[in-house]
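Just below is one structure, and these are the notes that go with it.
Scope of the values below: all heavy atoms of this structure, side chains included, with no hydrogens, waters or symmetry mates. Each chain gets a letter, A, B and so on, in the order its sequence line appears, and its residues count up from 1.
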There are 2 protein chains.
Amino acid sequence: MPTAKKKLTPLRSICPIAGTLDLIGDRWTLLVIRDLFRGLKRYGEFAASPEGIPTNILAERLVRLEANGIIASEPYQKNPTRYAYALTPKGLSLKTVLGALGQWGARHVSGTKIPAEMAALFRET
Amino acid sequence: MPTAKKKLTPLRSICPIAGTLDLIGDRWTLLVIRDLFRGLKRYGEFAASPEGIPTNILAERLVRLEANGIIASEPYQKNPTRYAYALTPKGLSLKTVLGALGQWGARHVSGTKIPAEMAALFRET
DNA sequence: GACTGTTACTTGTTTTTTGCAAGTGACATG
DNA sequence: CATGTCACTTGCAAAAAACAAGTAACAGTC
């Protein structure tokens, strides 16, 4: 796993919406989670997504998501050890959030389009 | 209405999730929208929320939300003209997003608690 | 076995955004 | 007319993001 730096993130309030945003409410984190739902697993795959996340940001977000128990990493090779990332149950339960964001965007943000590969995320459960 | 500065925000991709995040995916915007769902209407009320949004950020977000058709402002007094803000239908349709974020937070972010005043947001529709 | 390429990061610097404090204009109240 | 309030605006320091390079450990080619 990448270098883990300790960083406290005290919650801004007891509001559960604010609490969620404190964990994943930045410009990039939810896009990494979206990619995990799409089946991507490796650093290079995330980096290749069309939004073009800066690599240092990606590395930091992966560390943070794992520290918060939203993703887990497992080595898939040695020398050098490389890790594949996957959503934990906690991360998987963000599906409703991604679904709501995606449906709203498809309806209200012009220029967006639901890719076929992502249709599963948008089906009602 | 506050001073409107033109600012282009080209979408990072055609993904509807990314598109939504480009509009409202920052540290503060969704908290303002939450406050509107809670019934708050005025600048001072938003500023008094427990998270303590910086006032310059609040002013800028109100302008942006109105420019994007998510909120609308109406004068409630003259000299000086003061505006009350309300969600448009487009803004109201973010309820599912807020609901999903809140439910996830209530379940997975320790230290959060659903205030009674906010319970309506969390009921399934 | 030196050379090229790939993967997964790390490091350094610039630019942008945020956060904080203080200031301003137009009143309303005492 | 002095003080207070409300809704902002402005200035500046601090933090985060963006961009560009660099690095380590191989694997494959010549």
Side-chain angles (χ1 to χ4, degrees), chain A residues 1-10 12-13 18 21-32 35-36 40-67 71 73-86, chain B residues 1-10 12-13 18 21-32 35-36 40-67 71 73-86:
Chain A
M1 54 206 85
T3 345
K5 291 173 197 168
K6 249 284 146 90
K7 185 176 285 187
L8 285 199
T9 23
R12 284 175 287 180
S13 75
L21 293 175
D22 283 341
L23 290 191
I24 57 168
D26 66 284
R27 200 168 157 64
W28 291 109
T29 300
L30 278 167
L31 294 183
V32 174
D35 283 348
L36 286 158
L40 308 191
K41 288 172 171 17
R42 298 167 25 171
Y43 189 95
E45 296 175 324
F46 305 133
S49 280
E51 292 84 11
I53 183 171
T55 60
N56 54 346
I57 305 274
L58 172 56
E60 201 258 332
R61 290 303 188 273
L62 289 172
V63 169
R64 255 184 31 195
L65 284 170
E66 186 161 22
I71 64 173
S73 63
E74 254 197 90
Y76 68 89
Q77 74 164 47
K78 282 196 176 183
N79 283 102
T81 314
R82 293 282 157 80
Y83 295 88
Y85 299 92
Chain B
M1 54 205 93
T3 344
K5 292 175 197 166
K6 249 283 145 95
K7 185 176 285 188
L8 286 199
T9 23
R12 284 175 288 181
S13 76
L21 294 175
D22 284 341
L23 290 191
I24 57 169
D26 65 285
R27 199 168 158 66
W28 291 109
T29 300
L30 278 166
L31 294 183
V32 174
D35 283 348
L36 286 158
L40 308 192
K41 287 173 169 18
R42 306 183 356 186
Y43 188 96
E45 296 175 324
F46 305 133
S49 280
E51 292 83 11
I53 184 171
T55 60
N56 54 344
I57 306 271
L58 172 56
E60 201 257 333
R61 292 303 188 274
L62 289 172
V63 169
R64 256 185 30 197
L65 284 170
E66 186 161 22
I71 64 173
S73 63
E74 255 195 272
Y76 68 88
Q77 73 164 47
K78 281 195 176 184
N79 284 103
T81 314
R82 293 282 158 80
Y83 295 88
Y85 299 92

Pick the closest DNA chain D nucleotide for Thr55(A) and for Asn56(B) by heavy atoms, then say which residue is nearer the 5' end.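 Its nearest nucleotide lies further toward 5', so the answer is Asn56(B).
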Can you check the [X] [atom1] to [N] [atom2] distance for me, whole Å?
{"X": "Trp28(B)", "N": "dT18(C)", "atom1": "CH2", "atom2": "C1'", "answer": "10 Å"}
{"X": "Ile57(A)", "N": "dG12(C)", "atom1": "CD1", "atom2": "C1'", "answer": "14 Å"}
{"X": "Asp22(A)", "N": "dA16(D)", "atom1": "CG", "atom2": "P", "answer": "12 Å"}
{"X": "Leu62(A)", "N": "dT10(C)", "atom1": "CG", "atom2": "P", "answer": "10 Å"}
{"X": "Gln77(B)", "N": "dC27(C)", "atom1": "CD", "atom2": "P", "answer": "9 Å"}
{"X": "Arg61(B)", "N": "dT9(D)", "atom1": "CZ", "atom2": "C1'", "answer": "16 Å"}
{"X": "Ile53(A)", "N": "dA17(D)", "atom1": "CD1", "atom2": "P", "answer": "10 Å"}
{"X": "Leu31(B)", "N": "dT18(C)", "atom1": "CG", "atom2": "C1'", "answer": "14 Å"}

Run the side-chain donor-acceptor check on residues 48-59 of chain A: report pairs under 3.5 Å with partners two or more places apart or on a different chain.
residue, atom, partner, partner atom, Å
Ser49(A), OG, Asp35(A), OD1, 3.3
Ser49(A), OG, Asp35(A), OD2, 2.6
Glu51(A), OE1, Arg34(A), NH2, 2.8
Glu51(A), OE2, Arg34(A), NH1, 2.8
Glu51(A), OE2, Ser13(B), OG, 2.5

Proximal nucleotide (of [options]) relative to the [X] side chain:
{"X": "Pro54(B)", "options": "dC20(C), dC9(C), dA17(D)", "answer": "dC20(C)"}
{"X": "Tyr85(B)", "options": "dC9(C), dC8(D), dA17(D)", "answer": "dC8(D)"}
{"X": "Tyr43(A)", "options": "dA17(D), dC9(C), dT18(C)", "answer": "dC9(C)"}

Could you check Arg12(A) against Glu45(A) and say which one's nearest nucleotide on DNA chain C is further toward the 5' end?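 The answer here is Glu45(A).
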Distance check, rounded to the nearest 0.5 Å: Thr81(B) atom OG1 versus Glu74(B) atom CD?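 Thr81(B) OG1 to Glu74(B) CD: 13.0 Å, rounded to 0.5 Å.
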OH-OH distance between Tyr43(B) and Tyr85(B), expressed to the nearest 0.5 angstrom: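 Nearest 0.5 Å value for the OH-OH distance: 8.5 Å.
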Among all residues two or more places apart in sequence or in another chain, which pass the side chain to side chain donor-acceptor pair (under 3.5 Å) test with Arg61(A)?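 Here the qualifying residues are Asp26(A), Thr29(A).
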Using the test side-chain contact (heavy atoms from CB on, under 4.5 Å), find all partners of Gln77(B) that sit at least two apart in sequence or belong to another chain.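 Counting only residues at least two positions away or on another chain, Gln77(B) forms a side-chain contact (heavy atoms from CB on, under 4.5 Å) with Pro80(B), Arg82(B).
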Restricting to side-chain contact (heavy atoms from CB on, under 4.5 Å), what partner residues turn up for Ala84(B), sequence neighbours left out?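 Listed in chain order: Lys41(B), Tyr76(B).
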Side-chain touch Leu36(B)/Phe46(B), heavy atoms, less than 4.5 angstrom: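 Touching, per the 4.5 Å side-chain cut-off.
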Respond yes when some side-chain nitrogen or oxygen of Arg27(A) is under 4.0 Å from OP1 or OP2 of dT18(C), and no when none is.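 No, no such contact exists.
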Using a cut-off of under 3.5 Å, enumerate the N/O to N/O pairs linking the protein to nucleotides 3-6 of chain D.
residue, atom, partner, partner atom, Å
dC6(D), O2, Arg82(B), NH1, 3.2
dC6(D), O2, Arg82(B), NH2, 2.9

